[in-house]
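Bear in mind the structure is a predicted one, so any value in this text is a computation, not a measurement.
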Amino acid sequence: MQVQDKFVQKIPQTVWVLGFVSLLADISSEMINSVLPLFLVSVLGANILTVGIIEGIAEATASILKVFSGVLSDYLGHRKGLAVFGYGLSTFVKPLFAIATSPTGVLIA
């Protein structure tokens, strides 16, 4: 038990906070991602092909941004600011899905 307590005490507070923020961001993203296709089809009237295209563009954009944000992080050396910006942007964009009136609005969000 003492070894585990020493290990927990050595983890910086920033790591704990970032881990908790990451957990909450992942939970909220998964909640939205699980019902988004249903919302697109049943509420906005999108067909399955449109849902697939939107999902594909979203995944491609996320992957490309990960590459460039990693390069930018290495170049600037300010990783905390980029992490705060990324999690903040993700948080502020989520309500846009609820007010989207078309599949294009969901794609933009």
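Between T50 and N47, the side chains place a donor N or O and an acceptor N or O closer than 3.5 Å (distance only, hydrogens not considered). Counting only N and O atoms by type, the side chains of K80 and T14 include no donor and acceptor under 3.5 Å apart.
The closest side-chain heavy-atom distance from L38 to S42 is below 4.5 Å. The side-chain heavy atoms of S29 and K94, taken from C-beta on, include a pair separated by under 4.5 Å. Looking only at side-chain heavy atoms (C-beta outward), H78 and L82 stay at 4.5 Å or farther from each other.
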Side-chain atoms of residues 96-109: list all donor-acceptor pairs with protein atoms under 3.5 Å, sequence neighbours left out, distances to 0.1 Å.
unit_1, atom_1, unit_2, atom_2, d
S102, OG, T104, N, 3.4
S102, OG, G105, N, 3.2

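Interatomic distance, F85 CZ to S69 OG, rounded to the nearest 0.5 Å: 10.5 Å. The CD1 atom of I32 sits 12.5 Å away from atom CD1 of I27, with the distance rounded to the nearest 0.5 Å.
Under a hydrophobic clustering in which Ile, Leu, Val, Met, Phe, Trp and Tyr are joined whenever their side-chain heavy atoms come within less than 4.5 Å, directly or via other members, I54 and V43 fall into the same cluster. Note on V51 and L49: same hydrophobic cluster, where clusters join Ile, Leu, Val, Met, Phe, Trp and Tyr whose side-chain heavy atoms are under 4.5 Å apart, directly or indirectly. A continuous path of Ile, Leu, Val, Met, Phe, Trp and Tyr side chains, each step under 4.5 Å between heavy atoms, connects I57 with L36, placing both in one hydrophobic cluster. Side-chain heavy atoms closer than 4.5 Å link hydrophobic residues (I, L, V, M, F, W, Y) into clusters, and following such links, even through other members, never connects L72 to I64. The hydrophobic cluster containing V17 also contains Y87, counting ILVMFWY residues as joined when their side-chain heavy atoms lie under 4.5 angstrom apart, directly or transitively.
Within the structure, the salt bridge (charged side-chain N to carboxylate O under 4.0 Å, His left out) test picks out the following pairs touching residues 68-77 (sequence neighbours left out): D74-R79. Judged as a salt bridge (charged side-chain N to carboxylate O under 4.0 Å, His left out), not a single pair has a partner in residues 54-68 (not counting sequence neighbours).
Counting all heavy atoms, side chain and backbone alike, A25 lies closest to S28 at O-OG, 2.9 Å.
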